[in-house]
2 protein chains.
Amino acid sequence: MQTRSKILQATLELLEAGEGGEIRMGDIAKRAGISRQALYLHFATRAELLVETTFYLDELSESDKRLEPSRKAKTGIERLEAFVDAWGGYIPAVYGPGRAMMAMMETDDEAAKAWNQRMQDVREGCEAAIKALKKDKTLSPAYSINDATDLLWAMLSVRNWEQLIHQSGWTQKKYIKTMKILAYNTFVAAGAEISKGISK
Amino acid sequence: MQTRSKILQATLELLEAGEGGEIRMGDIAKRAGISRQALYLHFATRAELLVETTFYLDELSESDKRLEPSRKAKTGIERLEAFVDAWGGYIPAVYGPGRAMMAMMETDDEAAKAWNQRMQDVREGCEAAIKALKKDKTLSPAYSINDATDLLWAMLSVRNWEQLIHQSGWTQKKYIKTMKILAYNTFVAAGAEISKGISK
DNA sequence: TTCATACTTGACAGCATGTCAATTGACAAA
DNA sequence: TTTGTCAATTGACATGCTGTCAAGTATGAA
């Protein structure tokens, strides 16, 4: 049972560092200090290994704890901001495995389903924030709940993060700060009281 | 010289239809009605073929003509809207080849450079629109020119379109309409006169 | 001592890209 | 008519990856 963890750990490390190109099964084996075949004793396919790696990552980083402030928020505005903080702050960690999974989506149905499931969870977070705004009557009248959810989901997508960080060279801090402003300006109805978190 | 066109046409057709998985060199050859090896007589690598296909597509759809209304716009606000119309309307056509190119970016430097170059062109379009707003003093004070450009670029990215159309199931019409509203609300300073184009 | 379990070693099939060499067929110029 | 060139064909092959298979090894428990 220890080998399994060694494999997952090695996979994670390679994916996080992984600038140049694809990570091969052989690379992971080497890093974990075992034979390539031993990988297949624990994970039937590359896709399965990647999926399990994302679950492993969730355990490691206690991803549900990150969402606590968002769930505890009193107002819709606070909830929106807390969610941007929580998920936006988690993206850098998911990005390694996520990139690999997204690359596999073209060819591998298994991987596609797994990744889409995880992204659906994020959508639910978006929806909860939007609904909290709606409940407070601070949701902008420009969008329905569904449209606002879709839009927020797209804004906070891994691809969008990738674009801003890697193509535009933004820092993580700038990303969070700007996404908060953007989310606020987009979804909070004009005239709603200004949240303290948004200062400047 | 005719074979070359047949190849490019076949590639385009396959990429446009291409729902299921990757398009192989053999598939393209079959579709074009020639041998797989003949492809390599015209294009050294798969990456090169894809790059040339995007240029071919530009010719076919007279992509520069699409941008004319944007360049001719009198006000910054009009220019922003026209640009969203032009590029947003072109995305469905680029998406087929684009998806293939983006998938190759992980592994192929050549493809990555070519696609990034094309996306850089889009960025210039974004920048021009933002600068036009700035010139009119209708750019929202929340963002610098660079940040606004990066943000608009991300909003109008192919990935964002993909997310909204394929994950959220939006129609193209809804996409254009909503992106216009979003761009307007985000980048146009409060108090600036309302453009006719944005009506409902 | 015996047996099961986890791992290793090495070979191999499948499948894609890209290369190479020999051949065919058409068309043009001497 | 002959010769040369050019585009395309055919078929074999190297490479590099994933995933499979079979046989062997080490460790620890019964």
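Being a predicted model, the structure only gives us computed values, none of them experimental. A, B, ... follow the sequence lines: proteins, then strands. Residue 1 opens every chain.
- In this structure, of C:dG18, C:dA6, D:dG19, it is C:dA6 that holds the atom nearest to the side chain of A:T3.
- One can place OH of B:Y40 at 17 Å from P of D:dT10, the figure rounded to the nearest angstrom.
- Regarding A:R46, its CZ atom lies at a distance of 18 Å from the C1' atom of D:dT20, rounded to whole Å.
- Closest to the side chain of A:R24, out of D:dC17, D:dA7, C:dA16, is D:dC17.
- Ion pairing of B:D58 with B:R118 is present here, as a side-chain N (NZ or NE/NH1/NH2) and a carboxylate O approach within less than 4.0 Å.
- Under a 4.0 Å N-O distance rule, the pair B:R66/B:D85 does not qualify as a salt bridge.
- Residue-level contact check: B:R36 touches the bases, meaning some heavy atom is under 4.0 Å from a base atom.
- The minimum heavy-atom distance between B:Q172 and B:G89, with the atom names listed, is NE2-CA, 3.7 Å.
- Evaluation of atom-type donor-acceptor distances gives no pair under 3.5 Å for the side chain of B:Q37 against the base of D:dT10.
- Rounded to a whole Å, the CD atom of A:Q2 is 13 Å from the P atom of D:dG28.
- For the pair B:L39 CG and D:dA7 P, the computed distance is 15 Å after rounding to whole Å.
- Put simply, B:H42 has no side-chain N or O that comes within less than 4.0 Å of OP1 or OP2 on D:dA7.
- Rounded to a whole Å, the CD1 atom of B:I28 is 12 Å from the C1' atom of C:dT17.
- Rounded to whole angstrom, the span from the CD1 atom of B:I23 across to the C1' atom of C:dC15 amounts to 17 Å.
- We find that CD of B:E110 is positioned 16 Å from C1' of C:dT17, with the value rounded to whole Å.
- In this structure, CZ of A:F43 is placed 18 Å from C1' of D:dT20, rounded to the nearest angstrom.
- A salt bridge is defined here as a Lys NZ or Arg NE, NH1 or NH2 lying under 4.0 Å from an Asp or Glu carboxylate O, and A:R159 with B:E162 fails to meet this definition.
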